[in-house]
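Here is the structure we will look at.
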Amino acid sequence: MSSMRDRMNRLRGESTKVDIVAEETNIEFKSLAEPDQAEHPDRLSPGWAAFGVELATNETGSFLRRVTRYPMDYRHGLHALQELYAAAPGLAAFHPSEQSAAEQILFLDLETTGLGVGAGNVPFMVGIGYMSKGHFVIEQTLIRHPAEERAMLMYLAEKLQQFSFLSTYNGKTFDWPLVESRFIMNGLGRKMWEPKHLDFLHPARSIWRNTLVSCKLSHVEEERLGIERVDDVPGSLAPQLYFQYLADGNPAPLEGVFKHNETDMLSLASLAIRFGHLLNGNIEAYIPLPDEPEEMVRTGLWLERMGRKELPSQLFDLFMSIQHSKPSTLVKLAARDKKAGNWGRAVLLWQKAIIHSPTHFGPAAHEASIELAMYYEHKLKNYDSALSYVNTAFEHALHQSSLFRADTKRKAELEALRNRIARLRRKALKTI
DNA sequence: ATCACAGCGGAGACTATGGA
DNA sequence: TCCATAGTCTCCGCTGTGAT
């Protein structure tokens with residue numbers, strides 16, 4: 001096995017910190033560099049070896065495979081891969097009552113011939129990543145024609161059984177249903193593995209939906225994980241490059257697809273580390289604290305939804321120490337405090353939301369005014385203070401409706417405010 | 001005792017978005 | 001092109017409160 005490693009690294013013509021090696025497996029490997037196998041009908045055409053691709057065969061047939069092993073101290077952006085060991089237990093929050101360890105997680109990313117999930121969409125490349133013997137191993141399999149799909153899937157099916165968590169980006173919707181349907185199409189049975197999903201698209205959206213222009217993996221990794229892709233082939237180009245290979249048999253353009261898929265896998269691991277740290281409560285120890293106020297609040301709210309109710313106070317306190325925040329963010333945290341019965345801070349946040357929108361009395365300031373009016377009316381029975389907040393909201397609403405066409409919603413809003421004012425006036429008069 | 005209203009929370013409809 | 005997910009919005013019923 002080590003001679004294979006030496007050979008592959010020689011073929012790469014460089015000594016890198018990343019080894020491309022053949023893993024221990026029941027798959028029989030053949031290599032171009034083996035002269036006695038060069039005549040084999042299933043031999044590999046010359047171009048593949050340049051980027052570490054080997055021929056793999058099993059009882060069902062053959063396919064191509066590329067294995068890349070990263071040492072634990074390898075840094076992909078802000079995070080080193082070894083952090084996954086510490087971070088992984090936190091990811092159990094995705095599946096309460098489960099325990100999670102780094103070695104149980106399988107990272108998966110497909111390259112397919114399209115975006116559909118119907119029978120016409122075929123995964124021509126399957127990338128999997130996992131922790132093994134002190135390395136992060138990335139295995140990428142590729143089929144040269146549809147007849148190789150079954151062998152590749154058989155190999156994948158065998159691998160899956162070793163893991164209990166499946167980590168993807170939008171894999172609940174895209175990757176995994178597609179894999180399942182390909183298993184069925186190839187007669188390999190249904191529900192052969194029921195993974196506990198760790199789909200990072202959704203937490204990414206929860207946290208960054210308003211602070212990043214897009215929650216695409218490539219954007220999140222660049223903006224928040226410190227990852228810069230150089231000469232990356234976009235995923236959307238993968239089908240074209242594969243069809244080009246099918247047409248001319250030249251594997252060279254597929255190297256970019258392998259690299260793209262490999263980077264996706266490393267970024268998935270980085271995201272797992274980031275979210276794992278957060279869920280473990282290692283907020284300051286491991287990650288740069290978000291400098292966007294909204295991100296702090298959204299991160300805190302996400303941690304609460306994930307059942308880590310004790311963790312967000314640090315983020316919320318930090319948020320409170322910031323001088324200027326968007327009124328909409330202030331109101332968001334206030335709503336959470338109101339629900340939790342934390343009235344003191346809720347009132348403070350609503351007041352801040354109004355103060356921070358002196359010139360443009362927007363929807364957040366409007367909401368804050370109404371909330372404060374409710375608070376003063378029902379909690380403190382201070383009808384005069386309640387009235388002053390409603391009056392402010394009413395004046396602005398009136399001004400708005402004079403600027404814009406008063407639709408039914410706006411009219412109903414004004415009517416509700418009038419009713420509220422009338423009621424508060426009655427109550428205020430009674431208490432004199 | 002009865003009624004009206006406000007507020008709240010749950011259910012369901014709707015929408016935007018990511019994956020190649 | 002499709003669809004799971006989460007966020008938003010709307011509707012409805014329940015509860016508490018205050019007025020009659």
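None of the values given here were measured: they were computed from a predicted structure.
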Problem set entry | Whichever of A:A238 and A:R205 has its nearest DNA chain B nucleotide further upstream toward 5' | A:R205
Exercise. Does OP1 or OP2 of B:dC8 have a side-chain N or O of A:K338 closer than 4.0 Å?
Worked result: yes
Problem set entry | Of the listed nucleotides B:dA20, C:dG7, B:dG18, the one nearest the side chain of A:E111 | B:dA20
For this session: Grab the CG-C1' distance between A:L166 and B:dG19 for me, whole Å please.
Result: 14 Å
Seminar exercise, completed: Atom CE of A:M306 and atom C1' of C:dT5 are separated, to the nearest Å, by 13 Å
For this session: Would you classify A:T113 as touching base, sugar-phosphate or nothing, given that sugar-phosphate means primed atoms plus P, OP1 and OP2, and contacts are heavy atoms under 4.0 Å?
Result: nothing
For this session: Report which part of the nucleic acid A:D264 touches: base, sugar-phosphate, or nothing (heavy-atom distance under 4.0 Å, all strands).
Result: sugar-phosphate
Seminar exercise, completed: Minimal heavy-atom distance between A:F51 and A:P251, with the atoms involved, is CZ-O, 3.5 Å
Problem set entry | From C:dC3, B:dG9, B:dA20, nucleotide with atom closest to A:K339 side chain | B:dG9
Problem set entry | Nucleotide opposite C:dC14 in a Watson-Crick or G-U pair, distances under 3.5 Å | B:dG7
Exercise. Of the nucleotides C:dT1, B:dG9, B:dG7, which one has an atom closest to the side chain of A:M374?
Worked result: B:dG7
Exercise. Within the distance-only criterion (no hydrogens, no angle test), does the side chain of A:R75 pair as donor or acceptor with the backbone N or O of A:L78 below 3.5 angstrom?
Worked result: yes
Exercise. Is any side-chain N or O of A:R423 closer than 4.0 Å to OP1 or OP2 of C:dT17?
Worked result: no
Problem set entry | Phosphate OP1/OP2 of B:dG7: any A:H378 side-chain N/O under 4.0 Å | yes
Exercise. OP1 or OP2 of C:dT5 sitting under 4.0 Å from any side-chain N/O of A:K172?
Worked result: yes
For this session: Please report, rounded to the nearest Å, how far the C1' atom of C:dC3 is from the NE2 atom of A:H202.
Result: 10 Å
Seminar exercise, completed: note: A:N170, atom CG; B:dT17, atom P; distance rounded to Å ~ 14 Å
Problem set entry | Between C1' of B:dA20 and CG of A:L110, the distance in whole Å | 9 Å
For this session: Identify whether the distance between the nearest side-chain nitrogen and carboxylate oxygen of A:E139 and A:R65 falls below 4.0 Å.
Result: yes
Problem set entry | Opposite nucleotide pairing with B:dA20, Watson-Crick or G-U, both atom distances under 3.5 Å | none
For this session: Looking only at non-hydrogen atoms, find the nearest pair between A:L188 and A:M192 and report the distance.
Result: O-CE, 2.9 Å
Exercise. Strictly by modelled atom types, are A:E294 and A:T211 linked by a side-chain donor-acceptor pair under 3.5 Å?
Worked result: no
Exercise. Taking only side-chain nitrogens and oxygens of A:K381, does any of them come within less than 4.0 Å of OP1 or OP2 of C:dT17?
Worked result: no
Exercise. Within less than 4.0 Å of OP1 or OP2 of B:dG7, is there a side-chain N or O belonging to A:R420?
Worked result: yes
Problem set entry | Between P of B:dT17 and CG of A:N210, the distance in whole Å | 11 Å
Exercise. Heavy atoms under 4.0 Å, any strand shown: does A:D175 hit a base, just sugar-phosphate, or nothing?
Worked result: nothing
Exercise. Do any side-chain nitrogens or oxygens of A:S206 fall under 4.0 Å of OP1 or OP2 in C:dG7?
Worked result: yes
Exercise. Hey, does the side chain of A:T168 come within less than 4.0 Å of B:dG19's phosphate (OP1/OP2), counting only N and O?
Worked result: no
For this session: Check the distance between C:dG7's P and A:L201's CG and give it to me in whole angstrom.
Result: 11 Å
For this session: Measure the distance from CD on A:E415 to C1' on B:dC5 and round it to the nearest whole Å.
Result: 14 Å
Exercise. Looking for any heavy atom pair under 4.0 Å, which part of the strands does A:G235 touch: base, sugar-phosphate only, or nothing?
Worked result: sugar-phosphate
Exercise. Applying salt bridge (Lys or Arg N to Asp or Glu O under 4.0 Å), which residue pairs with at least one partner in residues 234-244 of chain A are found, sequence neighbours left out?
Worked result: none
